[in-house]
2 protein chains.
Amino acid sequence: MTSGSPEQLTYLSGPVLVIGTGLLGASAALGLRALGLSVGLRDASPTAQRVAVDLGAGVAVPPGAAFAPELVIVATPPDVAAAVVSGALREFPQATVIDIASVKASILRALLADEALGETELSRYVGAHPMAGRERSGPVAARGELFYSAPWIVVPHAGSSAAAVRVAKAAGADLGASVTQMDAEEHDRSVALISHFPQVASSLLASRLLDAPGAALALAGNGLRDTTRIAASDPALWIQILSHNAPAIVPILHGLREDLDRLIGTLEAPEAAGAALDLAQLLSEGNQGQARIPGKHGAPPQSFATVGVIVDDKPGQIARLLSDIGEAGINIEDLRMEHSAGYQVGLVEIQVIPGRRDELEGTLSALNWKVVQ
Amino acid sequence: MTSGSPEQLTYLSGPVLVIGTGLLGASAALGLRALGLSVGLRDASPTAQRVAVDLGAGVAVPPGAAFAPELVIVATPPDVAAAVVSGALREFPQATVIDIASVKASILRALLADEALGETELSRYVGAHPMAGRERSGPVAARGELFYSAPWIVVPHAGSSAAAVRVAKAAGADLGASVTQMDAEEHDRSVALISHFPQVASSLLASRLLDAPGAALALAGNGLRDTTRIAASDPALWIQILSHNAPAIVPILHGLREDLDRLIGTLEAPEAAGAALDLAQLLSEGNQGQARIPGKHGAPPQSFATVGVIVDDKPGQIARLLSDIGEAGINIEDLRMEHSAGYQVGLVEIQVIPGRRDELEGTLSALNWKVVQ
């Protein structure tokens, strides 16, 4: 660990060059600048680059400028990432170069096939994937804290040097992320399953609503809202992700199609022998799959107890509720708000560890809150 | 409107007989009792019935007892609802009889085919579907407020009398629900799309996680959590719902399969001409479908602005945050907590109307909250 500034100890020494100053690149730059590291910026769009400079994310480093980065972070869209990484490996012969695109195998394949790169250049390349990013995009939305507590997956290839892997991990650690390591195939299979597949499933589900009668949609509850929320994602980015990771996504979709075909067969003859058992199996597999998702803070999956409270839809009501819970010394594990059409009240669902539910219900009832479950 | 008690004006006069004292039946009974109405209870399970009586939901009314209800609420599982309704229509010749199962056409078909029932009996039957209910079941979980602000769909058939429809609506209104009306086919198609289909899709999605490596699951974010949350639902209840509403669900699943086949074809040749356009269309249809889901309180769909705040995972932190927001007079439209593996901090995402985002960000930053977007 070296000292990047008088105030903050950092794993990186700097300087760092960020190529691509969209949301992720500018956020990484801001986060590293805040630690006192020297940061250079470069973007194919002069406007995006100027905005990032104006935000204080770093100084502009045009191609050919005298700049000797310890680390180059390539934060471009996936379809140009390999070409930009290749250029950076050649332009900065001392630097570790990482890209932070959300697909890894296709970029690695392109680099390994790149005749301009030798083993020495390639040893300085390490893939990375910070699983952060919000619905907004562009440098204006950037925040140095974007990577706080998010996974930062470091993806070395067989030829990556230990030194380069260390630098790739250091960047994640300095940005406050939770650093893990996978190879490119494992990474792509993992994100296909836990990120790309849910995105596709949500889009497929929401597509069915296109022609839905308004009276049906008016009945929408949290089930529909939850399952379709990510269907609102930006198509432009997802076309690239899905195209680049197609080989990892397709087998999952084949599995879905098999289950779907079996389900359709069952529901087309719901009175047939075995139909109820088939349905039970599908639903039970869904139960079991859902239960495997880890809980908060990487803890084992845990069922929290839910307490529902009816509140008026006015400023300060929820604060007052949570203040009452805080004063009782009960920690809230999760919290959701539920609204229904036509009423100016909402249901707040508070999740606590099961052993404290009764206490919480008693406390809230005693304070005249409308506890509903 | 008639007066059911000195304290509360009610639409119903009572008495009301609730048959089936599980979560929904016992909740309805408690809610009506709280309004001062006379409520009788009956359940095939002596234990469930005794618990409901002990909870103060009403008095036991065994078959043959002298009891002349204005309304009988049949709150049994869907597979016995028609038989219980038929029995109640004959046992109580003056009563309106409603069932509150979440499927309607199959129950109506069974009643219309029931040779023990004439037109006069059938004129007193009206279907209903309160869209409420939580993950817990049984009378112990019952709360009189369960139906507050939830949709209460009244489903008359061609032969229902106006008087019976009025009583079915009165029950929903007295329980604080939001009363609407549909016919059985429209109801079943609507709930197939906005409730049963998301349930099935979520189960299918979560089933894919059965064999997922733990390292992949450790990367799970809110996208996966949201899309699979309802996959945790109770299989026993859903087998009945899906079996009974199969005719309305199957066409939606055929539509899903067509989209899925097209998507698989596209991703199997992601470099083919038109592949990007196909993906763009799928994702954009998902965007549009999602955008059709109405906003809070039945308002038009609205995009709220999101402000993210990093908080420590300690009691009282969120209360302090929301108290600061309440004091600034800013109303919270929605609120979510996001956790990541390995960190004892959480991200609270606060949704407000877009015009107040900047003010909220300024206010919170000035109070030293870590605003991240």
Side-chain angles (χ1 to χ4, degrees), chain A residues 134 143 145 149 151 178 190 194 198 201 203-207 209-210 216 219-220 223-224 226-232 235 238-239 243 246 250 253 259 264 267 270 276 279-280 283-286 289-290 292-293 296 298 315-316 318-319 322-323 326 331 334 339-343 345 372-373, chain B residues 134 143 145 149 151 178 190 194 198 201 203-207 209-210 216 219-220 223-224 226-232 235 238-239 243 246 250 253 259 264 267 270 276 279-280 283-286 289-290 292-293 296 298 315-316 318-319 322-323 326 331 334 337 339-343 372-373:
Chain A
R134 316 245 62 93
R143 292 286 185 281
E145 295 85 356
S149 92
S178 180
S190 297
I194 63 103
S203 294
L204 287 168
L205 205 173
S207 300
L209 304 178
L210 270 180
L219 303 174
L224 185 67
D226 285 349
T227 48
T228 58
R229 187 171 286 117
I230 55 175
W238 278 96
I239 291 166
S243 307
V250 165
L253 295 181
D259 283 354
I264 290 175
L267 288 180
L279 286 177
L283 293 161
S284 149
E285 286 177 4
Q290 195 273 345
R292 295 197 63 216
I293 301 172
K296 186 178 171 185
I318 300 169
L322 298 194
S323 163
N331 199 17
D334 209 344
H339 306 290
S340 308
Y343 271 75
V345 296
V372 293
Q373 61 170 328
Chain B
R134 318 245 59 92
R143 291 287 186 281
E145 295 84 357
S149 91
S178 180
S190 297
I194 64 103
S203 295
L204 288 168
L205 205 172
S207 300
L209 304 178
L210 269 181
L219 304 174
L224 185 67
D226 285 349
T227 47
T228 58
R229 186 170 288 118
I230 54 174
W238 277 97
I239 292 166
S243 307
V250 166
L253 295 181
D259 283 355
I264 289 175
L267 288 180
L279 287 176
L283 293 161
S284 147
E285 285 176 4
Q290 195 274 343
R292 294 197 63 215
I293 301 171
K296 184 179 172 185
I318 301 170
L322 298 195
S323 163
N331 199 18
D334 209 343
M337 290 174 65
H339 306 290
S340 308
Y343 271 75
V372 293
Q373 63 170 324

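A, B, ... follow the sequence lines: proteins, then strands. Residue 1 opens every chain.
- Ranked by heavy-atom pairs under 4.5 Å with chain B, the list Leu279(A), Leu204(A), Leu210(A), Thr228(A) is led by Leu210(A).
- In this structure, the side chain of Arg292(B) engages the main chain of Leu209(A) through a donor-acceptor pair within 3.5 Å.
- Both the backbone and the side chain of Ile239(B) come within contact range of chain A, each with at least one heavy atom under 4.5 Å from a heavy atom of that chain.
- In this structure, Ala206(A) and Gln290(B) approach most closely via the heavy-atom pair CB-N, 3.8 Å.
- For a residue to count as touching a neighbouring chain, one of its non-hydrogen atoms must lie under 4.5 Å from one of that chain's; by this rule Leu253(A) touches chain B with backbone and side chain alike.
- For the residue pair Leu219(B) and Ser190(A), the shortest heavy atom distance occurs at CD1-CB, 4.2 Å.
- Closest heavy-atom contact between Ile194(B) and Ala216(A): CG2-O, 3.5 Å.
- For the side chain to side chain donor-acceptor pair (under 3.5 Å) test, residues two or more places apart in sequence or in another chain that qualify with Ser203(B) are Gln199(B).
- Between chain B and the residues Ala232(A), Ser243(A), Ala201(A), Gly286(A), the most heavy-atom pairs under 4.5 angstrom are made by Gly286(A).
- Chain B forms the most heavy-atom pairs under 4.5 Å with one residue out of Gly223(A), Ala231(A), Pro270(A), and that residue is Ala231(A).
- Among Asp226(B), Leu322(B), Asp259(B), the residue with the largest count of heavy-atom pairs under 4.5 Å with chain A is Asp226(B).
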